[in-house]
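For clarity, every value in this text was computed on a predicted model and none was experimentally measured. Each chain gets a letter, A, B and so on, in the order the sequences are listed, and its residues count up from 1. These numbers come from the heavy atoms of this one structure, side chains and all, not from hydrogens, waters or symmetry mates.
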Amino acid sequence: MGQEPRIGVYICHCGINIAYKVDVEAVRDYASTLPYVVVARDYKFMCSNVGQEMIINDIRNYQLNRVVVASCSPRMHEKTFRKACEKGGLNPYFFQMASIREQVSWVHEDEVVATEKAKELIRAAVFRVIHHEPLEKRYVDINPNVLVIGGGIAGMQAALEIADAGKLVYLVEREPSIGGHMAKFDKTFPTLDCAACIMTPKMVSVGQHENIKLLTYAEVESVEGFIGNFKVRVRKKARFVDENKCTGCGECAKVCPVSLPNEFEYGMTNRKAIYRPFPQAVPNVFTITKEGWSPCRSACPANLNAHGYVKLAHEGKFEDAFALIMESVVLPATLGRACPAFCERECTRGEVGGSIHIRLIKRFIADWYYENVGTKPPFRVDELKNEKVAVVGAGPAGLSCAFYLAKEGYKVVIFEKEAEPGGMVRYAIPEYRVPKDVLAKDIEVIRNMGVEIKTNTPIGPDGLTIDELFAQGYKAIFLAIGAWKDRRLNVPGEDLDGIYTAIDFLRRVNSGERVKVGNKVAVIGGGNSAIDAARVAKRLGADVTVYYRRTRHEMPAFPEEVEAAIKEGIKFEFLTTPIGFEGNGKVEKMELIRMQLGEPDSSGRRRPVPIEGSNFKVDVDSVILAIGQVPDSEVFGKFGIKLNRDGTVYVNPRTLETSRKGVFAGGDAVTGPSTIVEAIALGRKAAYYISEYLKKGSLDDVNFPSSLPTVDKRRVLERRKVEVIPRVKIKELPVEERISNFEEVELLLTEEEVKKDSGRCLDCAICCECKQCVKACEAKAIDHQQKDEIIEIEVGSIIVATGFKTFDPTPLRRYGYKKYPEVYTSIEFERLNNASGPTEGKIVMKNGKVPESVAIIHCVGSRDEKYHPYCSRVCCMYSMKYAHLIKEKTGAEVYEFYIDIRSPGKMYEEFYNRVQEEGVHFIRGKVAEVTDVAERPEEEGKLIVVAEDTLTGRILRVPVDMVILSVALEPADGAEELARILGIAQDKDGWFIELHPKLAPVSTASDGIFLAGCCQGPKDIPDTVAQASAAAAEALSLIMRGKVEIESATSYIDPEICVGCMQCKSVCPYSAIDYDPSLGVCVVNEVLCKGCGLCAATCPNKAITLRHFKNEQIFSELEGILL
Amino acid sequence: MEGKGLLKELVRLPGGREILKCIQCGTCSGSCPMVEVMDYSPRAFFALIKSGQIKEAVRANTYWVCASCYFCSVRCPRGIKITDIMYAFKELSVKKGFYPKKEPTTKLYESFKEVIEKYGRLSEAKLMQRFAFKKPLLVLSKARLGLKLLLKKRIKFRVKPIKNIEAFRRVIQRTKELESVP
Amino acid sequence: MKAVFYPGCTLETAAGYEESIKAVNKVLGIDLPELDDWNCCGATALFSVDKLLSLVFPARNLAKAEKEEAKWIVTPCNACYATLRKVKAILRENEALREKVNKALSAEGLFYRGSISIKHLLDFYLQSELFEGIKERIKKPLNGLRVATYYGCQYTRPITGEETDDPEVPNNLDRLLVALGAEVVDYSMKTYCCGAAQMVSHEKGCLKLINRIVRGAIKEGADVIVAICPMCQFNVELGESKLGYRVPVLYFTQLIGLSLGIPKKMLGLEKLMISSNPLLSKI
Amino acid sequence: MNEAKEKFEPKLVGFLCYWCSYTAADLAGISRLKYPPNIRIIRVMCSSRVDPVFIIKALLDGADGVLVAGCKPGDCHYQKGNYYARRKVALTKKILESLGLEPGRVMLSWIPASEAPKFAEVVKEFTERVRELGPNPIKRSSFS
């Protein structure tokens, strides 16, 4: 403890802030009775010079060696009083502060209680200060870089001030351009000078200043550290345009097919998905709004960009649409007919008028292309490569894989056992669904890409082997042998004549054979091939019944196919299954048993179980078994390729590699019977991995390009009001015609219908990645793959200038905002009046007419306890600005409905007078409501503003053409989040709190963080700019100081006690503790130590003390409290 | 009755203190369906009180013609429960007996009270009969309507009191006793 | 979930409200017993002249309902609805008054706990299961009928925390009628006051109010104004005949009845002063 | 006794981290929020400095309850000190139970700098809770 403590205690009245609750004299008298207290005084303002002098003199006169001040919070004046002690020749750490304002007088009602609490806190401080020790000062260097958050007028001003002083500024703005609200204004009050004329040059100089690092479309994610040394992480959102390459020419926007409400114009106009908020934007570059993938695209197994080609179709750009399709799938014309169209099931339009005819649009695009362009591939081979790849099987999977490899430049040969390529599509899908010539064109495109198809060349026993293929120099092999082997029932009589398997049956019909099915045909099964077989048999003139062992609900066949079958007069018998066939040589009778559904099986469907004794027989001429297929794959087993139990080929699910190196597999051969589009998807995936394999030899760290998250339909429907538009009706061949032939059932959409239906697209993802912009961009600036990037910066101080947003008056239903089109918010009117706004500055109504009378309603959302109790400060003035502009531009009658006119400011009152003299009607009364219900003839067709003229006591009904709501200012979105990140405080209304309203108006409670502009509270442009300069000055003065004093409270390890267990070392967040092996103890590196005290609390032996927060100091403080 | 004293009393009324928060914006008056038949609009009425012209205020019919649609209360930017204050005034004025004699509503409400205290329920017919004693002309003017309603079987002259009318009257009696004790 | 019905004094003389409620409940198989021996709630009038009594009267009904172990007390009248809600709120806030009131009620051996909740008949029908029931039983959807939904002021006001809809622009009745197939017009006068009891003493002033209520409906081309409160219906209909308008004013239960195919006789439509025939022919 | 419980005004000690909770307390003052006067605040730089010994000492010296408050998880000014604080407080509660003291007398709370109302709320709630628990038995015994 050193020499005998001599303590001086000083109680501050803080004007009356403390004195009105705390009996300061009583407290002073009490303090003087405390141990070692030599002198105790009270004074009005201890923080004033006089107060400080008092301390300094007492130190000298009474040889004080300890000082306690009871006043505000240490955040406020601890530094002040420490300095005072220093001046008095005392080590500043011989000082302790008791907060009796923030912690007593301001928060407690009862005077007596408050006084008692004050006494205790002072007692605690006295007890504590006794144990204080001298510490030497510590300084840290100030990093001279500054971060400014927010690129509005405040942020720009601050940034320029600092940059001009030669210091580096990072300016972070979350919008694509700087400029903030002021960039939206046309004129500014009271001088009516044009905002653009002030803003544009400022914005340009910010954009070009060598000391300003501009980070637009970026947000601060986290801030660590202290005054002088902050570490900041900034997320730079992907704008999908290279800022350095983009020249701002705008060609991209011209071709972008997606438009949406323009936020900058508050939805009064539309913008494209690729956009620039306004022509003078800085940086003058474009940005793409991309919210992920549209549901249609995510739903597609091949992730085919339906959104994209639907938009292009709408624009009539069918050739580009075809190219876009071919980027993800082959056989577009086929898919346009026979695809289950998972996309349409997910289409958001489904909920508002029925999904878009995505499949038929694809069909139209393909047919159009073949008719108008031919079958040349829509894109060129990237660059030719030497490697050869063999593909086994010319079905959808094989063709797809081959096509995309060929596109990459590989030499690809397909080996097909059948006479014609196309696999199942060619041989199992009936003509009436996919005509052969259509498939032929689809395949022609693939051939033209350079793919060679060898038909009638099986691989296997009666052909080449895998080894031979490798021997012939093929570097990789893709197996796409499909699933052609029909499952069997294994019941008696299954081998009788007249019993076909579905695939075999369809194959024979599709090969042109006239199959005799007789009159009564039974089809067994519920899958797509069952339905196909049934409909084909129907067309062969038979009376067809489908027998399925489950119910319609469980049928795997596509609902629409089943529908069509029923339409065509095909009968269905559910919950029945054959248990045997009779007849001599040829089948005549079929015995069936009824089933009922039991427990769900592995497939999740309820397993059917036979009902005892429910057997019955039916007469049949032929039976078609369509109970599923499996790959015909044993032979490949022999080639050393691992197979699964069900005969499918085993592959690595990620890379599609088989057990044999260089051999890949996909399609039905891997998945079992599936859809065309799934096969094609696997084909393309295989192509990707094969190509990578051939380039890299290994696929360990290779991954198929990942998909984007799917956009949430709800959000899409909330974006704007969506009215219900029914889908275009499709025409079908009349039933009687169909069943007599194999003509295509579904008829084409006309070009008009395509354009109409595609026009219903809701642009779920906003950007549809149609790549038109890429095509249009000379500068090659667009990069749809761009990702968010995290930028780490280090600064010494931070200026927050995040501004405000305007109040949304929709909840104030009585003013009819959004109900009556001629009711505008003030900020909307700013745009309406702006020369570069939606009407080029003409003040006109939605119907184009000039308003003859306009009402301006003040205090909308301000001075209202239900919304914002505060006055928004700028509304009166801008309202009068509007009044002037409206008069000037239209000569309309203008009515200002106000409660009180607030025009405190240089030349403001004068402006008020001017507007009065211009003949604007000032009506003192808050508007009760705006209605369109006329009571008098002159009110017809107008908006009637109802209010009491409080000066005459009359109730007025003023008919007007246009109403402007002068809406309140509120804290910007995300203010709360930012407050948390920065550790600064918000007041009850959400504005950031300054350290002191008078003495430190732009500082915050966190040292080194300053405020500028409306984020601290509503204010006009002059005040904002002034505050911005002030904040800049604060930051600069900090920089000029070069270093800043920091807490000297660091940890110290007593080597006598330390056992070197290193627990402290393990917990220290700043790795400020090292182990000294020579001594076997831990040592604190004081430069790194930030004095949190974690180590001290952790040390099991209590070998660590945190200076100024030592145990005995805390303990004695406790005793002081609890005595 | 001394104005200042009354102001104190008003402020003590439930929600009464809120009167002092009024910023005279006139939203209440603009929203008031009955404002046209009021001597003073609700806003002006509050102005009288705030400026201490209490006597003038209580003589006004403002609070009596309040139809209690609560529009003002919903819309008041200061969150003043205006309608409730109007009720408080009515009650106070009855207690002190200074309500505007010419205001028919007061009579109507009295008749109303008499009827339900007698029968436990209201009957428009009985109400009108009683009201007739107090405001003969006004009621006479409604005769044609009465006839029309009668034809539509929408008037019942015979009212039977509620079952437990005795118990009900006891409750009323007890209430009155309770009221007499402050 | 037991509910008791609190008709309020004006129901029996209201133009077919009671009849239509009974008929609709019958079709829907709803059992909504009338609160035994209920008394007048006192409405606006009593509140004005006698504070304590104005609390005791409604409290008596609430206490009786609680005694019958009802969870809800359902009323077809806005005034009753508002009064009951208001009294419940006051007695919730103010313990002293609650004690006083219970002292008074003890004279009849009653005690008010404050457990009961108060429902307007409209909200009662809008409970999901009942609402579904109505939808299922619709026989004659009100297609092509343009309706103005007139809620009156006291359905959503005063704000006591028990309201189910926006105080200025409610939507519940709209939902119901849309479900019945009617076309609900964008009606600005939904919650504008009809003048209530002031119709007696200040007819002139009130007619002005009725005028804008009706004009608002006519402006949107409504075939009918739909009311959910006897006082509103009475005033508007009366006002119309004085002002010379002919827009029928029906109770929402009468429209439910029509959509359920209940014969007009059983809905008391003949009691209306403005004939409903024109719109019947429209359906 | 019951009477006594009515009147009992617990004495509470609050160890507040300087960066978040202490700031919140200041803000509560600046916003003139009212909360029970029972709490006495001791400033620590980080909640992790609060050694279980502090808490136990406070209770032995007769505090009826101890509040430890720090930054919200993830916002600690010293990166993750508040997580350590959480463990330390949990540990302390165990010790108290073994001493036969209600663990309810110790409370840990995250109070961000900007959430003055929360601070006031926490103090109210904690004061009530401890009032329910009644006077600290150790103190009682020491007086008997």
Whether over 12 other heavy atoms sit under 6.0 Å from [X] [atom1]:
{"X": "B:Q53", "atom1": "CD", "value": "yes"}
{"X": "A:E918", "atom1": "CD", "value": "yes"}
{"X": "A:K846", "atom1": "NZ", "value": "yes"}
{"X": "A:Q916", "atom1": "CD", "value": "yes"}
{"X": "B:K81", "atom1": "NZ", "value": "no"}
{"X": "B:K118", "atom1": "NZ", "value": "no"}

Does any N or O in the side chain of A:R924 come within less than 3.5 Å of the main-chain N or O of B:Q24, such that one atom is a donor and the other an acceptor? yes

Rounded to the nearest 0.5 angstrom, the CD1-SG distance for A:I955 and B:C32 is 8.0 Å

Gap between atom CD of A:E929 and atom CZ of B:F71 - 0.5 Å precision: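 Going from the CZ atom of B:F71 to the CD atom of A:E929 covers 6.0 Å.
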
Using non-hydrogen atoms and a limit below 4.5 Å, what part of residues 862-876 of chain A faces chain B? A:R863, A:D864, A:E865, A:K866

On a heavy-atom basis, which atom in A:A928 and which in B:G30 lie closest, and how many Å separate them? CB-C, 3.4 Å

Which residue, A:R954, A:K926, A:E948, forms the side chain to side chain contact (heavy atoms under 4.5 Å, CB included) with B:S29? A:E948

